[in-house]
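What follows is one structure encoded as structure tokens, with my remarks underneath.
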Amino acid sequence: METEQQVLMLAGKYRDWTAENLSRLIKIKSFSCCEKDVMDELKQQMAEAGFDEIMADPLGNVIGRIGEGKRLLVIDAHLDIREPGVLEKWETDPYSGLIDRDFVYGRGSVNQKAGAASF
């Protein structure tokens, strides 16, 4: 099986689990310099995913490792979000983490809690 096919197969396999992880992250308000709770949630998700090593630094970075070797693949995402602005302009609660068919709604769903959830 080609690498591209393997990636697509695994993305499909973990689709719902990733959406649930993203929803859990969205439900946590994580404004800049106040990310401790969302960092703790991400560390829990990484532990559930079987990461070999998980650590956090004082600057708000969560760092995980799977495997070892000469080559490294580094993936990064940020967890802080901005204020949602005028709440009346939102069609859904910006912290609902609502999963509806192919979408997860809420603050950070695109920029960039989804990147962290996909780890």
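Model, not experiment: these values are computed from the prediction.
- Taking all atoms of both residues into account, the shortest heavy-atom contact from Ala47 to Ile54 is N-CD1, 3.3 Å.
- Side-chain contact between Val104 and Ile26 is present, with at least one heavy-atom pair separated by less than 4.5 Å.
- Looking at heavy atoms from C-beta onward, Gln45 lies in side-chain contact with Glu41 at the 4.5 angstrom threshold.
- Side chains of Phe31 and Glu83 form a contact here, defined as non-hydrogen atoms less than 4.5 Å apart.
- The two residues Ala77 and Ala116 come nearest to each other via the heavy atoms CB-N, 3.6 Å.
- Side-chain atoms of Glu35 come within 3.5 Å of backbone atoms of Cys33 as a donor-acceptor pair (strictly under, hydrogens ignored).
- Linking Ile, Leu, Val, Met, Phe, Trp and Tyr residues whenever their side-chain heavy atoms come within less than 4.5 Å places Val62 and Ile75 in a single cluster.
- A side chain to side chain donor-acceptor pair (under 3.5 Å) check over residues 94-107, counting only residues at least two apart or in different chains, returns the pairs Arg15-Asp102.
- At most 12 non-hydrogen atoms from other residues, nucleotides or ligands lie less than 6.0 angstrom from CD of Glu4.
- Side chains of Gln6 and Glu2: no donor on one and acceptor on the other come within 3.5 Å.
- Atom NZ of Lys36 sits about 10.5 Å away from atom CD1 of Ile28, to the nearest 0.5 Å.
- When only modelled atom types and interatomic distance are considered, Lys113 and Ser30 share a side-chain donor-acceptor pair under 3.5 Å.
- When the side chains of ILVMFWY residues are joined at heavy-atom separations under 4.5 Å, either directly or via intervening members, Phe103 and Ile99 end up in two distinct hydrophobic clusters.
- Across every non-hydrogen atom of Ala114 and Ser109, the tightest pair is CB-O, 3.1 Å.
- Atoms SG and CD1, on Cys34 and Ile81 in that order, are 10.5 Å from each other to the nearest 0.5 Å.
- Between Lys27 atom NZ and Leu22 atom CG the span is 10.5 Å, to the nearest 0.5 Å.
- Judged by distance alone, with hydrogens and angles left aside, the side-chain atoms of Asp37 form no donor-acceptor pair with the main-chain N or O of Asp40 at under 3.5 Å.
- The CZ atom of Arg82 lies 10.5 Å from the CG atom of Asn111; values are rounded to the nearest 0.5 Å.
- In the hydrophobic clustering of this structure, Leu42 groups with Phe51; members are Ile, Leu, Val, Met, Phe, Trp, Tyr whose side-chain heavy atoms approach within less than 4.5 Å, directly or through other members.
- At distances below 3.5 Å, not a single donor-acceptor pair connects side-chain atoms of Thr18 with backbone N or O atoms of Ser118.
- Met46 and Gly64 get closest at one heavy-atom pair: CE-CA, 3.4 Å.
- With side-chain heavy atoms closer than 4.5 Å counting as contact, directly or through intermediates, the hydrophobic cluster containing Ile63 also holds Met55.
- The hydrophobic cluster containing Phe119 does not contain Val74, counting ILVMFWY residues as joined when their side-chain heavy atoms lie under 4.5 angstrom apart, directly or transitively.
- Side-chain contact check for Glu53 versus Ile66: every heavy-atom pair is 4.5 Å or farther apart.
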